[in-house]
Amino acid sequence: MVRPARNVRGSVRLPGDKSISHRYAMLAGIAEGPSRLENYSTGADCASTLACMRLLGVAWEQKDGTIEVQGRGPSLTAPADALDCGNSGSTMRMVSGIVAGQKFSSEMIGDESLSRRPMERVITPLSAMGAQIASQAGKPPLQITGAALKAIDYTMPVASAQVKSCLLFAGLFADGETRIVESMRTRDHGEVALRAFGATLESKGGGQGNEIRIRGGQRLRGIEARIPGDLSSAAFFLCAAALFRGSQLTLPSLLMNPTRARLLDILMQIGLRITVTQLDEIHGELVGTLQVEGAGLKGITIAGADSAALIDEIPVLAAIAPYTEQGIEVRDARELRVKESDRIAAVAANLRLMGAQVEEREDGLKIPGGQILHGAELDSFDDHRIAMAFAVAALRAEGETLIRGADSAAISYPAFFRTLEEVTEP
Ligand code: S3P
């Protein structure tokens with residue numbers, strides 16, 4: 001149950017970034033020597049990755065927020081059971097790149113939501129590299145028979161950082177040099193993490209036509225790292241702060257990777273004041289402390305490369321759109337329909353229940369500004385980002401909002417509701 005708030009104030013220290021946590025856990029497992037991962041994501045998704053790595057023979061221990069991993073080197077052991085990826089598309093898509101290069105077969109399964117999500121985007125290129133993969137018409141469960149992989153030259157038809165990382169990880173096990181081209185730049189945590197663990201990668205292009213090359217047979221070595229705060233989780237607090245003139249929030253040690261930080265530009269354009277201090281770089285990832293202050297809320301259009309760069313943050317931006325002056329239009333975001341839920345339909349349904357006018361389109365949404373919303377009974381659609389996005393929208397609604405299935409927030413951020421309560425003034 002979320003009640004309207006008058007303001008947002010305080011300091012929020014975010015658990016480690018989910019994208020980085022997944023990749024570090026996987027690479028630590030196939031590296032040589034121990035790794036120490038501080039501030040590992042507290043979300044259930046990253047626990048799914050760790051559970052899969054344990055089934056593949058990687059020993060690890062959790063001490064407070066730190067994971068200590070005993071790297072096994074590139075050869076893992078055949079899992080005694082199916083690799084359960086839970087709700088996590090990242091786990092299934094990226095671990096598949098690692099097991100494709102092993103000398104055994106693995107079965108990868110997931111929950112109901114994950115079992116509906118498209119996997120042909122990894123099946124096609126991994127098969128081209130020599131792995132044998134059976135699926136349910138391109139969906140999980142996947143049966144992956146590993147092989148001595150051969151390098152490929154692959155242009156990705158979908159903008160997906162999960163697919164890019166999957167293929168770079170598979171490329172480590174392949175004979176020759178794998179070349180991956182993405183027409184739309186996606187988050188580069190896979191590249192940055194591989195370098196942190198000692199691999200050499202060539203990349204060029206940057207914007208459109210970004211190209212990455214990796215030679216097979218490189219050995220990785222363990223690292224000691226502190227994982228920066230999750231920027232996509234911070235998005236909910238940043239949007240909450242944007243709703244109130246004079247709000248003040250501090251977010252220490254937050255991930256500032258330029259391929260993830262487009263949200264900050266967008267929020268500044270719509271009226272949030274943001275100051276960044278204590279910029280630092282840890283294992284190639286940029287970190288900083290953010291000070292934000294709410295000051296008006298203008299509208300914006302999100303399209304093209306921005307839609308890919310903001311893919312996880314669009315639900316919460318759309319959820320605050322009715323409160324902006326000119327509204328928010330989202331285009332070129334068809335991928336949102338195949339996330340943990342159909343996020344375009346979920347956002348439209350919940351906004352309408354709150355009394356908002358919304359135009360739902362195949363590839364996005366058009367939400368007029370200047371609207372007054374009322375509290376309502378909403379559904380999370382068992383999607384963590386929908387649950388959290390509407391908790392934020394509820395802060396400015398008239399009356400109380402009940403979010404069914406709100407515990408799905410634990411997929412990426414178990415402490416979300418407690419922390420939201422701490423920084424909102426009733
Ligand atoms: C992620 C990439 C994105 C994003 C997901 C995490 C990653 O998915 O939505 O939450 O860590 O690489 P896609 O690669 O499917 O776009």
Side-chain angles (χ1 to χ4, degrees), residues 15-27 40-41 43-46 48-49 85-98 110 113-114 116-125 138-140 156-169 180 182-194 210 212 227-228 230-236 255 257 259-263 285 302 305-317 330 332-344 346 363 383-389 408-409 411-413:
D17 184 70
K18 180 159 93 70
S19 292
I20 298 176
S21 295
H22 282 300
R23 287 164 173 84
Y24 279 6
M26 292 174 203
L27 295 181
Y40 189 80
S41 164
D45 270 6
C46 294
S48 292
T49 287
C85 305
N87 191 242
S88 174
S90 298
T91 306
M92 188 168 288
R93 296 194 179 120
M94 295 195 277
V95 171
S96 67
I98 293 175
S113 147
L114 184 53
R116 287 193 300 265
R117 297 182 64 190
M119 293 297 148
E120 76 287 339
R121 53 186 67 187
V122 293
I123 297 174
T124 305
K139 308 224 158 98
M156 298 200 308
V158 225
S160 166
Q162 295 173 357
V163 175
K164 177 173 60 170
S165 291
C166 163
L167 299 179
L168 290 173
F169 295 176
I180 297 159
E182 51 178 1
S183 49
M184 201 89 88
R185 181 98 192 258
T186 63
R187 59 190 75 185
D188 65 358
H189 304 300
E191 296 93 299
V192 173
L194 278 161
N210 189 34
I212 310 118
I227 300 174
D230 193 315
L231 186 53
S232 300
S233 297
F236 301 103
L255 177 68
N257 177 317
T259 64
R260 284 286 292 288
R262 188 74 183 119
L263 173 74
E285 291 287 4
I302 299 166
D306 277 350
S307 296
L310 287 162
I311 199 73
D312 291 339
E313 290 79 54
I314 289 174
V316 65
L317 286 168
V330 178
D332 309 315
R334 195 170 281 106
E335 269 293 300
L336 285 176
R337 294 211 180 262
V338 291
K339 293 290 178 189
E340 288 83 329
S341 70
D342 175 342
R343 287 183 173 159
I344 294 177
D363 71 338
D383 182 332
H384 55 129
R385 297 205 200 277
I386 297 298
M388 295 187 277
S408 59
I411 285 296
S412 57
Y413 193 1

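For the single chain, residues carry numbers from 1 onward in sequence order. Order of appearance sets the numbers: ligands from 1, and atoms from 1 within every ligand.
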* To do: Ignoring hydrogens and angles, state whether a donor on the side chain of Arg121 or Ser160 is under 3.5 Å from an acceptor on the partner side chain.
  => no
* Is the closest side-chain donor-acceptor distance between Arg385 and Ser341 under 3.5 Å? -> no
* **Atom indices of ligand 1, in the order listed, that fall short of 4.0 Å to a heavy atom of Ala161** => 12 (O), 14 (O)
* Asked: Which atoms from ligand 1 have a heavy atom of Ile311 less than 4.0 Å away?
  -> 9 (O)
* Asked: What's the verdict on side chain to side chain donor-acceptor pair (under 3.5 Å) for Lys164 and Thr186, showing C-alpha distance, side-chain angles and the deciding distance?
  -> CA-CA 9 Å; Lys164 177 173 60 170; Thr186 63; 3.2 Å; yes
Does [X] reach ligand 1, in the sense of a heavy atom lying below 4.0 Å from it?
X: His22; value: no
X: Ser165; value: no
X: Arg93; value: yes

Identity and distance of the protein heavy atom lying nearest [atom]:
atom: atom 16 (O) of ligand 1; value: Lys339 NZ, 3.3 Å
atom: atom 14 (O) of ligand 1; value: Ser160 OG, 2.6 Å
atom: atom 4 (C) of ligand 1; value: Asp312 OD2, 3.2 Å

Heavy-atom check, side chain of [X] versus side chain of [Y], under 4.5 Å:
X: Leu231; Y: Arg262; answer: no
X: Thr49; Y: Met94; answer: no
X: Asp230; Y: Arg260; answer: yes
X: His22; Y: His189; answer: no

* Would you say Glu335 has any N or O atom under 3.5 Å from an N or O of ligand 1, going by distance alone? -> no
* Given Arg23, Arg343, Met94, which one has a non-hydrogen atom that is nearest to atom 7 (C) of ligand 1? -> Arg23
